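Right, one structure below, let's go through it.
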Amino acid sequence: MVPYILCMILFLIGVYGIIAKKNLIKIVIGMVIIEYAVNLILILVGYRSGGAAPIITSIEGASREASTFVDPLPQALIVTSIVIGLSVTVLAIVLCLRLYEKYGTLDILHIRRLRG
Amino acid sequence: MILLYGLLIFMIIGAVIAIETKDLLSSVISVGAMGLALSIVFLLLSAPDLAIVQVVVEVLALIMMLRLVVTREDVTVAHRYRYGEVFATTIGLIFFGVFIVFASIVFKEMPEFGNPLLRVSRQYITEGFDISHAANIVTAILLEFRAYDTLGEATVIFAAIVGALVILRGKGRNI
Amino acid sequence: MKGMTLIVKTITRLLLGFIFVFSVSIILFGHITPGGGFAGGVMLACVFILLVLAFGKKTALDIVSEKAISIWDSVGSLSFLEIALLGFFGGFFFKDFFSKGSPLKLFSGGTILWSNISIGIKVFASLFAAFMALAIFRVRRER
């Protein structure tokens, strides 16, 4: 229960960064923090207390080892999610660079004012 | 468990510093510190695959964000308090309190921390090694049982990178 | 961009081979030990990014040119799709058509090894292409 609440606080800090900050770099940082929080909460749901990593080390004791594994399904989904998050971050950074070239600033208020 | 809570609180402090500090360079660096703490958390929760991926991805993301910060001449945020900002911050904090109350009601219904349901993945755990002959169950799920997901993921990476290359193209074309 | 100082260049020259071999080993043994195509691919991209940062982008583009990056990118994604399509010979999409082999050896697990290799090539080529685009891009102020 307590780790879930801590994760939710982390998520909310990211949401605050996206909503309230005026700088585009801060908005990208908020996106990254939200991504971390979501990855972490899915892994926390799949954790079994005292569980072992889901890797089999010997053929004979495979079934005995398998009874102590943590949930491997969220891990398999999060591995892809982390790499997708990196490429989405790259896309956001590239958009920020283009906006900086066009307007000469990263402040969204100035960008909005220069429209048209 | 103490170590897990300590790392989570460290990540929260790092997030607050990253959002609130004026110097953009130090905010990017504190995001990097958060990512390394996250990889240690993954290691504590017995997910070594994720820990490896998170460390390497964090280094790469840090390099690319530094590329964005170094572009600017001034690396600090202009900071001025106005009436509207104080109002928005107050409303935001009230909203966050309400959100945490409702989220804690939801978290009571979720499986208790340390006792996963394992409804879907019990078959993967018990029979995955016999079916796929791969010792790493995570890789077996990723590339054997759920390979469609991985194919879609490769497509998403391709689309995002091609989009980035198109945006960074030298001369803009009039559409 | 001329690259960094002599100390950085020397250390990079010493370390680069080890990082390269380690990343290839993470890709190849992804079905036995922790790791796999994603981690190894990002690490392989980090090898070339270290090369760019230490020696300047001209040296790195001599080793892996822009054409080569796009070819590697296409090869990675197409070979993964090819593995999926070859399953039709056995009956359905993504059927594991390879021989399973004995467990806990390198050549085991059917198509997982080859899928790992193609995913690693794909991730490496994509991320390195994005980094090179960011490194070549110069901010021009239109005033």
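Proteins come first, then strands; the chains are lettered A, B, ... in the order of their sequence lines, and each starts at number 1. Heavy-atom basis, side chains included; hydrogens, waters and symmetry copies ignored. Because the structure is predicted, anything quoted here is derived from the model rather than measured.
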Checking heavy atoms, do the side chain of [X], its backbone, both or neither come under 4.5 Å from chain A?
| X | answer |
| --- | --- |
| B:V156 | side chain |
| B:F42 | side chain |
| B:N136 | both |
| B:V120 | side chain |
| B:I12 | both |
| B:I167 | both |
| B:V138 | both |
| B:F99 | side chain |
| B:A103 | side chain |
| B:M110 | side chain |

[X] vs [Y] side-chain heavy atoms within contact, under 4.5 Å:
| X | Y | answer |
| --- | --- | --- |
| B:M65 | A:I29 | yes |
| A:L86 | B:E58 | no |
| B:I141 | A:P54 | no |
| A:L10 | B:M11 | yes |
| A:P3 | B:L8 | yes |
| B:S46 | A:Y47 | yes |

**OP:** Ignoring hydrogens and angles, tell me if any N or O in the side chain of B:K108 forms a donor-acceptor pair with the backbone of A:M1 under 3.5 Å.
**Re:**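 Judged by distance alone, no pair lies under 3.5 Å.
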Flag the one option from [options] with the top tally of heavy-atom pairs under 4.5 Å to chain A.
| options | value |
| --- | --- |
| B:V56, B:D130, B:L60, B:L142 | B:L142 |
| B:V53, B:V16, B:I157, B:L38 | B:L38 |
| B:G92, B:A140, B:G152, B:S104 | B:S104 |
| B:F95, B:Y124, B:Y5, B:F145 | B:Y5 |

In Å, rounded to the nearest 0.5 Å, how long is the span from [atom1] of [X] to [atom2] of [Y]?
| X | Y | atom1 | atom2 | result |
| --- | --- | --- | --- | --- |
| A:L40 | B:L45 | CG | CG | 7.0 Å |
| B:I100 | A:I5 | CD1 | CD1 | 6.5 Å |
| A:K26 | B:T21 | NZ | OG1 | 5.5 Å |
| A:Y16 | B:I19 | OH | CD1 | 8.5 Å |
| A:L97 | B:M64 | CG | CE | 11.5 Å |
| B:S39 | A:I82 | OG | CD1 | 9.5 Å |

Part of [X] lying under 4.5 Å from any heavy atom of chain B:
| X | value |
| --- | --- |
| A:I41 | side chain |
| A:L77 | side chain |
| A:A52 | backbone |

Subject >> Criterion side-chain contact (heavy atoms from CB on, under 4.5 Å) on B:R67 and A:I93, from CA distance to verdict >> reply: CA-CA 9 Å; B:R67 171 72 178 86; A:I93 287 171; 5.9 Å; no
Subject >> Residues A:V32, B:M34; criterion side-chain contact (heavy atoms from CB on, under 4.5 Å); working and verdict >> reply: CA-CA 10 Å; A:V32 173; B:M34 274 181 64; over 6 Å; no
**OP:** Considering non-hydrogen atoms only, spot the tightest contact between A:L91 and B:A160 and give its length.
**Re:**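 Reported closest heavy-atom pair: CD1-O, 3.7 Å.
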Original post:
Hey, what's the ring geometry for B:F107 with A:Y4, parallel, tilted or perpendicular (30° and 60° as the breaks)?
Top reply: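 Tilted, since the angle between the ring planes falls between 30° and 60°.
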Original post:
Is it true that atom CZ of B:F96 has more than 12 heavy atoms of other residues, nucleotides or ligands lying nearer than 6.0 Å?
Top reply: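 Counting neighbours around CZ of B:F96, more than 12 heavy atoms of other residues, nucleotides or ligands fall under 6.0 Å, so yes.
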**OP:** Determine whether more than 12 heavy atoms belonging to other residues, nucleotides or ligands lie under 6.0 Å from atom CZ of B:F113.
**Re:**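 Yes.
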Original post:
Could you walk me through whether A:K21 and B:E20 pass the salt bridge (Lys or Arg N to Asp or Glu O under 4.0 Å) check?
Top reply: CA-CA 9 Å; A:K21 289 299 165 184; B:E20 281 300 328; 3.5 Å; yes
Original post:
When only pairs under 4.5 Å are counted, which of A:S87, A:C7, A:P74 shares the most heavy-atom pairs with chain B?
Top reply: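 Sorted descending by pairs with chain B, the first entry is A:S87.
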Original post:
Who among A:S49, A:G50, A:A92 has the most heavy-atom pairs with chain B under 4.5 Å?
Top reply: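 Top count of heavy-atom pairs under 4.5 Å with chain B: A:S49.
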Subject >> Verdict with reasoning, A:L73 to B:R146, per side-chain contact (heavy atoms from CB on, under 4.5 Å) >> reply: CA-CA 10 Å; A:L73 186 58; B:R146 289 185 167 260; 3.5 Å; yes
